[in-house]
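Encoded as C-alpha cells, the structure appears first; notes follow it.
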Amino acid sequence: MTRVTSILNQQKFSKEDLLFLLKTEGDNLKHLFEKAAEIKKENVGNKVYFRGLIEYSNICSKDCFYCGVRRSNKNIQRYQLNDNEVIQAAQFAFDQRFASLVIQSGERSNKAFTEQMEKLIIEIKKIGNSALGITLSCGEQSIETYKRWFDAGAHRYLLRIETSNENLYYKIHPKDKTHNFQKRIQSLHDLKEVGYQVGTGIMIGLPFQTMEDLADDLLFFKNLDIDMAGMGPYIEHKQTPLYQFRNTLHPLKERFKLSLKMIALLRLIMPDINIAATTAMQTIDAEGREKALMVGANVIMPNLTPLKYREDYLLYEDKPCIDEEAEACKNCLEARIHRTGNSIAYNEWGDSLHFKKRSSTLN
Ligand code: SAH
Ligand code: SF4
C-alpha cells in the first residue's frame, strides 16, 4: 500500500498526514479527490443545496487589509438595500424553490443596523409561512444581538476566522480593538451557545501563509466542531494594503488547486458538515464551483443581489456574475451542476447533518 492509500484509509488525521496530503500531486492527488468524493456521497449524498445570496450592504466599520469594501476604501459607492429589495430577492428565492438565503453584509453593530436586520428576518420568515431558512454573515456582534437575530428566525451563521494563526491574523488585519483574533473566536463560541448552526472558514493563498498554517486551519475546524465551512482562494484587490505583497503570492491557479485540496481534506476529516463551493473559486476558474462540488463541497450560493449594487460589493477583483440577472445565473448553474453528477435539492433547507447529530447528543 502506498503512503497516500494508507493515510486515506485512516479515521483520524494528524497534522503530518494533512501536510503530506496538502503537498500531493499527480495520481496521488487524483486519489485524494476520489476519496473525498466517495466520502461525500456516503455521508451527505450527491445533493447540492442552494442558498440565495443577498449582499445586503457594503458599509463596513472594519478595515481588513485584504477586502475591497474596507472602511478606508474611498473609491467605492456605499449602499444598503432597501426593505423592498430584500423582500423581492427573498421572494425570488422562494419562487425558485431555493429554500434558503444567506444575508451577507459589511460589519456594523449600531442599533439602527441590528434592529433593521431583525425586522428583515421577521419579514422574510413571513414568506411561505417560514419557508425560507436564513443564514447570516454579518460579522462580529454581541451575544445579545446574535440571540435577537436567532429569535427572529435566523438559524445559521457564517463567520470566517480567516486564518487560525494569530500572528498571521494580525498581518492581515490592523492590530486594534475592532480586529481582535480572540474576540473572533469568542464570537464563534457565542454563536454556538445561542443555538446557531455555525460555519467558519479561511482564505487560501494569503501572503505569509504557509502549508503548516493550512493544516492547522483544518485541525482548528475539527476542534471547534463546526457545522459548515466556506473557504476560498484569497484574491488580491488593488485598493487594499495587502496588494503590495502581490509578487509574493502563489499564482492564481496554484491558489485554486490548493483550495480544492483544502475542500477535499475537510470532507475527509469532517464527513457530515456542509461545505460551500464559494464564488471566489469561480473567479479563478469558470468551472471552479463545479470542480469544488466534485471533491467534497455540497452548497452553492447563487447571487440574488440586485444588479445595480453588484459592482460595489467587490470584496476582491474580477468577481464573476456582476452583470448577470439572478434568473440567468440560475439556469446556467442548473446545467453545470447536472454535469457534475450532483442533483439540486430544491425546496430543502439542507441543514448540516453534523449539527443534527451534535444537537441530538446534547439533548
Ligand atoms: N463582513 C463580514 C461578511 C462579509 S465579508 C465578515 O467579514 O465576516 C465575507 C468574506 O469575504 C470574508 O470573511 C473574507 O473571507 C472574504 N474576502 C474578503 N476579501 C477577500 C479577498 N480579497 N479575497 C478572497 N476573499 C475575501
Ligand atoms: Fe468588512 Fe467583512 Fe470586508 Fe472585513 S471582510 S472589511 S469585516 S466586509
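Everything numeric in this text was worked out from a predicted model, so none of it was measured. As the structure lists them, so they are numbered: ligands from 1, and atoms in each ligand from 1. Quick note: numbers below take in every heavy atom, side chains included, and nothing from hydrogens, waters or symmetry partners.
Applying the side chain to side chain donor-acceptor pair (under 3.5 Å) test to residues at least two apart or on different chains, the pairs with a partner in residues 224-235 are Asp225-His354, Asp227-Arg358.
Taking each of Cys67, Ser57, Gly139, Ser105 in turn, the one with a heavy atom nearest to atom 1 (N) of ligand 1 proves to be Ser105. Between atom 24 (C) of ligand 1 and the options Pro233, Ser61, Ala280, the minimum heavy-atom separation is to Pro233.
At the shortest separation from atom 22 (N) of ligand 1 among protein heavy atoms lies Ile235 O, 2.8 Å. Atom 6 (C) of ligand 1 has its closest protein heavy atom at Arg184 NH2, 3.9 Å. Among protein heavy atoms, atom 9 (C) of ligand 1 sits closest to Gln104 NE2, 3.7 Å. The protein heavy-atom contact nearest to atom 11 (O) of ligand 1 is Leu315 CD1, 3.4 Å. For atom 14 (C) of ligand 1, the nearest non-hydrogen atom of the protein is Glu162 OE1, 3.4 Å.
For Tyr66, a nitrogen or oxygen atom sits less than 3.5 Å from a nitrogen or oxygen atom of ligand 1, counting backbone and side chain alike.
Not a single heavy atom of Tyr243 sits closer than 4.0 Å to an atom of ligand 1. Ligand 1 lies out of reach of Gly232, whose nearest heavy atom is not under 4.0 Å from it.
Contacts of Met203 with ligand 1, taken as heavy-atom pairs under 4.0 Å, involve the side chain alone.
For the pair Glu140 and Lys183, the salt-bridge criterion is met [side-chain N within less than 4.0 Å of a carboxylate O]. A salt bridge links Asp83 with Lys119: at least one charged nitrogen is closer than 4.0 Å to a carboxylate oxygen. The residues Lys111 and Glu115 are annotated as salt-bridged, a charged nitrogen and a carboxylate oxygen being separated by less than 4.0 angstrom. Under the 4.0 Å criterion applied to side-chain N and carboxylate O atoms, Lys41 and Glu38 are not assigned as salt-bridge partners.
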### Task
For Arg148 and Glu118, run salt bridge (charged side-chain N to carboxylate O under 4.0 Å, His left out): C-alpha distance rounded to whole Å, both residues' side-chain angles, the deciding distance at 0.1 Å, then the answer.
CA-CA 7 Å; Arg148 280 179 76 155; Glu118 182 181 30; 2.6 Å; yes
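By the criterion of side-chain heavy atoms lying less than 4.5 angstrom apart, applied directly or through intervening Ile, Leu, Val, Met, Phe, Trp or Tyr residues, Trp349 is not grouped with Ile127; the two fall into different hydrophobic clusters.
For ligand 1, the atoms sitting less than 4.0 Å from at least one non-hydrogen atom of Arg160 are 13 (O), 14 (C), 15 (O), 16 (C), numbered in the order shown with element in parentheses.
Screening the protein for N, O or S atoms under 2.8 Å from atom 3 (Fe) of ligand 2 yields 1; no waters enter the count.
Between Leu101 and the choices Thr135, Leu132, Leu136, the side chain to side chain contact (heavy atoms under 4.5 Å, CB included) rule is met once, by Leu132.
The aromatic rings of Tyr66 and His173 stand perpendicular to each other, their planes meeting at an angle above 60°, with 30° marking the opposite boundary.
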